[in-house]
Amino acid sequence: MKVLVANRGEIAVRVIRACREMGIPSVAVFSDCDRDARHVRDADQAIHIGPSEAAASYLRIGALLDAARQSGADAVHPGYGFLAENAAFAGACRDAGLTFIGPSPETIATMGSKTAARAAAIRAGVAVVPGLAAPLCEDAGGAAIAAAARGVGYPLLVKAVAGGGGKGMRMVDDESALAGAIRTARSEAGSAFGDSAVYFERRLEHPRHIEIQLLGDIHGTVIPFVERECSIQRRHQKVVEESPSLAVSPALRQRMASAAADVARAVGYTGAGTIEFLLDGSGEFFFLEMNTRLQVEHPVTEMVTGVDLVQWQIRIARGERLVLDADRMLAPLGHAIECRIYAEDPDRGFMPSPGLIRGLRPAAGPGIRDDGGVSAGYTVPTFYDSLMAKLIAWAPSRQQAIDRMSRALREYHVLGIRTTIPFFLWLMRQPEYVAGRYDTTYLDRVLAERAASGANTPGFSELSDRDEEIVAVAAALDAYLRATGTQAENGGPMRSRWADAARREALRG
Amino acid sequence: MKVLVANRGEIAVRVIRACREMGIPSVAVFSDCDRDARHVRDADQAIHIGPSEAAASYLRIGALLDAARQSGADAVHPGYGFLAENAAFAGACRDAGLTFIGPSPETIATMGSKTAARAAAIRAGVAVVPGLAAPLCEDAGGAAIAAAARGVGYPLLVKAVAGGGGKGMRMVDDESALAGAIRTARSEAGSAFGDSAVYFERRLEHPRHIEIQLLGDIHGTVIPFVERECSIQRRHQKVVEESPSLAVSPALRQRMASAAADVARAVGYTGAGTIEFLLDGSGEFFFLEMNTRLQVEHPVTEMVTGVDLVQWQIRIARGERLVLDADRMLAPLGHAIECRIYAEDPDRGFMPSPGLIRGLRPAAGPGIRDDGGVSAGYTVPTFYDSLMAKLIAWAPSRQQAIDRMSRALREYHVLGIRTTIPFFLWLMRQPEYVAGRYDTTYLDRVLAERAASGANTPGFSELSDRDEEIVAVAAALDAYLRATGTQAENGGPMRSRWADAARREALRG
Amino acid sequence: MTFEIEINGRMRRASVERSGPGRFLVTLDGVVHDVDASRTGEHALSLLLDGVSREVQLAPNGLPGELIAGLEGRTAGVSVNARRTRRGPAETDSGAGEQRIVAPMPGRVVRILAAPGDLVAARQSVIVVEAMKMENELRAARAGRVTHVAVTPGMSVESGRVLVVIE
Amino acid sequence: MTFEIEINGRMRRASVERSGPGRFLVTLDGVVHDVDASRTGEHALSLLLDGVSREVQLAPNGLPGELIAGLEGRTAGVSVNARRTRRGPAETDSGAGEQRIVAPMPGRVVRILAAPGDLVAARQSVIVVEAMKMENELRAARAGRVTHVAVTPGMSVESGRVLVVIE
């Protein structure tokens, strides 16, 4: 086997590591601006596939198939994002005789349509969020639309059938806003997914986003895993995930896992996939959608089960049988939390902060896993999402995992660009987070409150007066050393003590 | 609580991390050459304690007590090495009203004498390696010595009563070599430990070094852990450790763990400690010695049990009760391997290779833990041992842990000095290591064979012809770029494509 | 040697005097700190002062005298001698006069939320620019009237491009 | 531009020609390699050539033209144009003539295993120096007769100090 990794960034590095551990050669692909990216340097081979714009490189099926042909790869790992849930790509791989490391194109197509996926869940006997069973007709009249909306009930969401990541989605509180919401949702969906179809879904009040990872082999075995809690979201984008969830009892876990496995079996699912549920305050859960690929947040599951999901994706694609102990996969060991370190400035509304990484020292040590995709000297480009690394902390208990994450965030150095590290340090101290009292509305609400209080809101960094003084002292010394000093002067006192040793070193040869 | 960390290097960083996770302020100490060392920068406070020579700094009890007083620390963590097993230091801490994070001075003194420790083991009903029950008399005559040796039986070891790390130890195959061995062992022991007392121990033929980690609280609870396999040794120094051992069945584990706990209870042990055993080919095991401190290799135990041993040391010192599930501590989850990354050149007989670290990128990603003590820009000094970092790999199975370790070693970059990384990559491929067919004599035997074959032995790096060509191409390009180029030229093609982006960045402000 | 250091909007005066190898007396707002300082990287200083150890990262922010400081996971914008080196009138500033909303990075205009003549409140969103797969709402720093909208939805814009002008 | 590159005792001739932005033709022992090269760090190059991707680290080894190369966890000593820049007679070399055993690092002499006049074999240990808590046996590179022992046990020695001379 030789695997073409049809992706970039941390997930490409993750897949390359798995390949290397399995003795499988890996082939990276890269766009113009990614020549120096870490995945290119880490892979056994690397093929240039086009200009920096994703549409001209990482999204171009023909270029990827050419790269596979050129490199002699016989399998393709799509990662997440880009073409990972594109049925046409999976089909094109199959047609080209390549093993697509994921489910069949047919399954991708089914689960990629939110309405078709909901129908599949219903057939499997799993409750879905109340809503329309089929897309709204393009030419439905206002009265018919209003009736459909009343049937679902307000507040509701207008959602793109092909949607994802909050795009093509609008909240509607009453009928007056309905027509406008449908119009903008259709327009966004059309430009984002090339499909303007939308449908209605009831908006649950304070739901948690709980998802079940699963693996299915080609011999019919489906194994669900302990849940991931992904309710810390900003504008429908997950930023912190953990496993297990404080909101899920062992009994509820069994029920959610069974429901997820039922849906997967109903569509003959193979490979790694995730069923997303919304969990309401009463403990009822509703099928939301299925992601037919590896998730960004897969490491938290790996940390509490010990399973390497990426290696299993590859093994399943090779036709191996799942030989995992299904009971153990539902019995998490300890607790894991993931923070997504983005190149964004949390103090400027999470504005992207691309640019040159002048220094990088990821956190390490006990219980810490760093899944990074960048390196010092690399310029975070403006063309793709801004995820630089995922920092995962494991500990025997949730509180210890929070404490460990805080320790790791403090020792994580990224120089030259802004990142979300200060935000996570802040979050790890919030009473709601520490107590686990949060749902999917928590973060947007808190951020809105902070924004509303305007210029008086301190930044997430919350430097004490003493810390500010220390920074001022450092800045003054830095300026002094640069203004007066040679490098030797800059080196400080110890350098001189070391000069002898260095000189002696030079003689060793 | 405020903890003075009376150590340096990776173990000081390890202890500081534990303190930080527990919300406990930490105080580093440093010698002249360690001003820029990582532990100094990571601690909340740092106190200079003297010149670079260990005897004038890290071994100076008075300076350490002064540092504790000056900083307001009320507890002392000794790490390993230096004063960690020095009863006088533990006593001085107690006398100064400081909590010594370790066992009592009396226990340290008892177990620090190999003959007293053997007596304690015998009292606890645990078999010891056959040998003398008491040190040889200083003034014993040749005939009496020879008779004592015959009683123990050849081959035997002359061992320093106060010994450790192979110092003051000599192998004797027959009576003719006895007197000379005693003389040199006494001399080495005298200069290394200030105590020239020696005794005899039978030399087992092909033993494995298996050790049992344990924790004891001040309420009388002692919990032993799954064994560590430490038979990969060079000149009696461990270089690779793993847990569990392929040579230990669950039944044998129970017996060894019980024996270890019996010894610990017999001496009223508190804190973290380790009982070292030799295991012979027939499955019999013999008490070798007890280490009354944290071991270098403690992470492999942490990885397969999930327990943070350093945090437990601190909790025990605070008087907390051990609340660990004793059965779980003997049921390892998966497999962990540790490689000790030393600043040594394996291709020059593991000669120390101190000097400036020009670049450092530790391995990371799934299943990898890096416990490092150095950083880029730091000069590894010549005054202390050369351990730079410990790389630990965890995986569900031993073979996967080996594969993961190999992957991690390949991605671990240390620039400017030689390290043992190429040696570990080589070792991870040796059939004996992969099969687990090794004992404490394995590595020295293989290294002696390589040395005997002289100049024809390839280095551990084993570059293929193609790899050598690639290195040659890189060296030629490096020379070309430095000779012809501006920095821009050096930057390669993509830099120019990025220049625009960088310039645009510059405008953001 | 004396410097003006601005952190989080607060200006401090600092003078530095070398008192020995690696030792400095830093006077900050009249208080003298005895500092043991060592450069531990191109953009990092290790400081021992007032009974604490801290490592501070100070990386250039693209403009002379402007730095991003990092301290144990937190960051702060730092200006050194900004009054001496400060560029022309600041954009999107909170002072008086014209506000110009500029593209903070290359991207595509998604939506325009205000038209010429509209009154906008402080912190009101006026335009949405997409970059790095994210929609970024750009807000008015203070209340005013929109005088000019320089772009249309769908346009690609370079970093620094003026998008909306508010009076 | 042409270079002599020595790796693991083997000398190669390499010539480099720039063929485009980031593209080079490197001729190694007569074989031409079309290389896409990029500097990914002060001491690192990423190469795409002959259907593989490799990152090579090349860090100075203290002497001009001498480098330590790193490639996926393995290392090799590399000399570039060593014949042109090579220092005087090599120490502890395997050529003919006098051998000087020098301290490879600062340390303390523990034991001396040979006296003036002794014949020593190739690879025989002649002196033990302790440094970094390790005893290091220094060996003769080839057989010869000890002509001089310049130190005594217990002495502290600097790096580069001649300890034993063998003829």
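Convention: sequence-line order gives letters A, B, ...; per-chain numbering from 1.
In this structure, chain C has a heavy atom under 4.5 Å from the side chain of A/A483, while its backbone stays farther away. Contact annotation for C/H43: both backbone and side-chain heavy atoms come within less than 4.5 Å of a heavy atom of chain A. Residue A/R234 touches chain C through its side chain alone, counting heavy-atom pairs closer than 4.5 Å. At a 4.5 Å heavy-atom cutoff, A/V414 makes no contact with chain C through either its backbone or its side chain. Contact annotation for A/L409: only backbone heavy atoms (N, CA, C, O) come within less than 4.5 Å of a heavy atom of chain C.
Among the candidates A/G416, A/A452, A/A479, A/S406, the residue making the largest number of heavy-atom pairs closer than 4.5 Å to chain C is A/A479. Interface remark: of the candidates C/T75, C/L47, C/V78, C/T75 forms the most heavy-atom pairs closer than 4.5 Å to chain A. The most heavy-atom pairs under 4.5 Å with chain C, out of A/E411, A/R418, A/E188, come from A/R418. Of all the listed residues (C/P60, C/G70, C/A59, C/S46), the one sharing the greatest number of non-hydrogen pairs under 4.5 Å with chain A is C/P60.
Under the 4.0 Å criterion applied to side-chain N and carboxylate O atoms, C/R39 and C/E55 are not assigned as salt-bridge partners. Between C/D29 and C/R10 there is a salt bridge, since a side-chain N of the basic residue sits under 4.0 Å from a carboxylate O of the acidic one. Looking at A/K390 and A/E10, a side-chain N of the basic residue comes within less than 4.0 Å of a carboxylate O on the acidic one, giving a salt bridge.
Within the structure, ring pair (Phe, Tyr, Trp, His ring centres under 6.0 Å) contacts touching residues 111-142 of chain C (residues at least two apart or in different chains) do not occur. Sequence neighbours left out, the pairs with a member in residues 343-365 of chain A that pass ring pair (Phe, Tyr, Trp, His ring centres under 6.0 Å) are A/F350-A/F423. Residue pairs satisfying the salt bridge (Lys or Arg N to Asp or Glu O under 4.0 Å) criterion with at least one member in residues 373-383 of chain A, sequence neighbours excluded, are absent.
C/V149 places none of its side-chain heavy atoms less than 4.5 Å from the side chain of C/L163.
Using modelled atom types, one finds no donor on one side chain facing an acceptor on the other under 3.5 Å when comparing A/S52 with A/Y384. Under the 3.5 Å distance criterion, with hydrogens and angles disregarded, a donor-acceptor pair is assigned to the side chains of C/E137 and C/S125. For the residue pair A/S386 and A/E344, a side-chain donor N or O sits within less than 3.5 Å of a side-chain acceptor on the partner.
Using a 4.5 Å heavy-atom cut-off against chain C, the contacting residues of residues 462-471 of chain A are A/E462, A/L463, A/D465, A/R466, A/D467, A/E468, A/E469, A/I470, A/V471.
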